[in-house]
Amino acid sequence: MADTQLLLGLSFVLFALGLVGVMVRRNALVMLMCMELMLNAVILALVTFSLETGTLSGAVLVFLIFVVAAAEIAIAIPIVLQLSRQRSSLDVEGYDRLKG
Amino acid sequence: MKLLTVIVLLPLAGFLLNGLLGRRLGRTFVSVVGCGLPILAFLATFKAVLLLQAAGPDAALLEVAYRWASFGEQGFDVAFYFDRLTAVMTLIITGVGSLIHVYSTGYMKDDPSYARYFAYLNLFLFFMLTLVLGRSLLVCFVGWEGVGLASYLLIGFWFEDPAKAAAGKKAFITNRVGDAGFLLGLFLLYWALGTVNMDEINAAFAAPIAPAVSASLVGVLLFIGATGKSAQIPLHVWLPDAMAGPTPVSALIHAATMVTAGIYLVARLHGIYEHAPAASQVVAVIGVLTAFFAATIALVQTDIKKVLAYSTVSQLGLMFLALGVGAYGVAVFHVYTHAFFKACLFLGAGSVIHALGGEQDIRKMGGLWRKIPVTFFTFAVATAAIAGIPPLAGFFSKDEILWFAFASEHGGSPILWALGSATALMTSFYMFRLLWLTFLTPSRMSHETEHHVHESPLSMTGVLIVLAVLSAIGGFFELPHFLEPLLPIPAVVESLEHFEHTLVFVAVAVALLGLAAATFMYRRGLARGEALAARFPRLHRVLGGKYYIDELFEAVLYRPLHWVADRVFLGLGDRFLIDGSLHGLATLTRRASGRLSRVQTGQLQWYVAMAVIGVVGCLVWVWRHG
């Protein structure tokens with residue numbers, strides 16, 4: 001029981017860290033990493049709950065999410081690369097061409 | 001074979017051929033189609049008349065061309081009805097119409113819109129034939145509107161000139177006022193009788209049990225329609241302006257045929273007017289007043305076509321006078337003689353204008369008789385005919401009108417006769433004034449114009465000769481007796497019968513008096529006429545200003561309506577309410593979106609913060625309410 005709470009607490013801390021990172025840091029790569037952190041926090045919560053309820057499908061779903069996350073990163077990294085090539089900077093504040 | 005349908009459709013075919021193909025196939029094609037099909041229609045009419053004559057005096061040919069609409073047991077048919085009255089009208093329309101088409105080939109020879117002209121003219125014939133041949137008032141109304149359309153198109157034929165386009169518009173709009181009366185009368189008849197077939201309407205009013213509708217009301221409403229089309233007071237203002245159209249158009253539409261549609265309508269529905277003494281009284285009074293006042297205006301006009309236009313209004317007034325005193329056949333008789341001499345006069349005027357290269361002011365004419373003798377002689381014959389010099393056509397019809405105005409049991413009175421005779425006197429005076437000033441006095445033309453004067457081609461003079469001959473002998477055909485089986489001749493008050501010969505002498509004397517007075521005044525030129533005008537300047541100004549009816553309408557109707565349209569409908573309704581609300585909505589959206597777009601900063605962090613706030617907000621909401 002205590003384990004579950006510990007794990008959920010860890011998941012929450014990780015998520016909060018990731019969120020603050022995304023909101024505070026200006027570096028696109030760091031922001032991506034923080035987003036991964038948030039995703040992993042959510043996955044941790046998922047696994048914890050599946051352990052708690054004793055269902056197998058939660059554990060299976062985690063692998064699925066890993067695959068999707070890997071694919072997502074595989075797209076996100078080249079986008080960041082293209083952006084940094086255009087602006088020769090990783091600072092997201094420079095990417096404001098879509099402002100209203 | 002459906003003969004009547006063919007008569008109606010021939011000019012329509014001409015309109016389609018000339019209108020669609022005329023410009024590509026050239027002038028010869030246009031002339032052949034434009035003149036050939038009306039002539040064919042005339043021949044077909046002639047055949048129909050022979051059939052009718054074989055069938056007996058009060059017989060009628062009836063042909064259902066097409067079922068227009070049906071509902072339950074009832075329905076509206078496009079049916080054509082051909083009795084003696086229709087026969088006379090159709091012969092005039094196709095006969096005089098064909099002549100004027102032939103004349104037009106000469107008159108419009110150099111016009112760039114030759115094909116369009118003939119297309120419109122054929123279209124007019126089609127609608128006019130629909131009007132007179134239609135058995136039901138509804139079909140008649142289609143023709144009625146159609147001739148209005150054709151008239152509009154032809155008055156504004158040279159629409160590059162804004163004044164001419166405006167004249168067309170004026171004619172059309174003035175006619176619409178009358179049409180409202182026509183429509184109301186039509187609705188009332190249908191509501192009361194359940195039929196709009198004109199022969200059945202007449203029969204219903206002649207039946208022993210009177211229909212449940214006031215004959216006077218229907219009569220007056222239909223007469224309002226007739227005043228519009230036939231240019232009677234107060235809707236006469238459009239006809240003089242309609243002279244802006246080509247002169248053959250003035251001859252065909254604004255003298256010989258279309259403007260007599262009102263007379264045809266009243267004569268056709270005589271069954272109503274026979275049982276509506278009040279409405280008949282209105283018709284007679286309006287008719288005689290129009291005749292009188294139009295004649296006074298014609299005394300001082302200086303435009304050759306305007307004189308003829310006011311003379312037409314005046315003659316139409318005389319026809320309505322005849323209708324008002326129950327002499328329907330006599331009115332149609334005058335329609336018939338008037339078609340010849342007035343067409344001849346207008347076409348003669350066209351020939352003069354053609355010869356002078358567009359000059360219409362009779363003060364700048366004179367001495368033309370040597371240069372254009374054929375035009376002069378035909379014009380003189382027609383002038384004598386309209387003035388009522390015996391034994392020309394106009395004498396017979398006008399004399400009969402005045403006689404019945406005097407003695408008819410159906411509302412005749414010496415006052416009507418006196419006004420009618422005064423009109424006849426003035427008619428004789430201004431027509432001979434026109435003749436003197438145009439042809440006989442010493443020339444007042446500029447040397448340049450005089451040098452170019454030439455007689456018109458055979459296509460024009462030939463038509464003039466035919467019409468002059470008809471104006472001379474047309475009166476010997478006793479049309480009222482021919483029509484008597486359909487249009488009864490009113491009884492004469494017995495005590496007045498012995499005046500008949502006296503009145504004939506008076507009529508002849510009146511015509512000759514007009515001739516003598518015009519000769520005295522204008523034999524030497526303008527001097528005496530101008531001296532007379534200088535002695536009565538105010539009267540001359542009122543007559544020259546046409547009693548300021550146009551100005552009156554402008555002040556009473558046009559300005560207030562224009563003000564309402566401009567300020568209320570345009571200013572308040574259109575600009576303020578409709579445009580204002582739409583523009584307001586657009587401005588609101590633009591401003592709101594301008595404000596909202598500031599949220600879209602392009603800063604990724606800001607978006608994330610917003611998303612987090614949103615998610616947290618959702619969670620809080622769920623927590624509170626869930």
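So you know, we letter chains A, B, ... as the sequences are listed, proteins then strands, and number each from 1. Just so it is clear, the model here is predicted, and its values are computed rather than measured.
- Contact annotation for A:R25: only backbone heavy atoms (N, CA, C, O) come within less than 4.5 Å of a heavy atom of chain B.
- Enclosure of atom CZ in A:R26 by more than 12 non-hydrogen atoms of other residues, nucleotides or ligands within 6.0 angstrom is indicated.
- Within the model, atoms CH2 of B:W606 and CE of A:M23 stand 10.0 Å from one another, a figure rounded to the nearest 0.5 Å.
- By the 6.0 Å contact criterion, CZ on A:F49 is open, its count of non-hydrogen atoms from other residues, nucleotides or ligands being 12 or less.
- Within a 6.0 Å radius of CG in B:L585, other residues, nucleotides and ligands contribute more than 12 heavy atoms.
- Within a 6.0 Å sphere centred on CZ of A:F12, other residues, nucleotides and ligands contribute 12 heavy atoms or fewer.
- Of the atoms belonging to B:V612, it is side-chain heavy atoms, and not backbone ones, that fall under 4.5 Å from chain A.
- A:M31 approaches B:L604 most closely through the heavy-atom pair CE-CD2, 4.0 Å.
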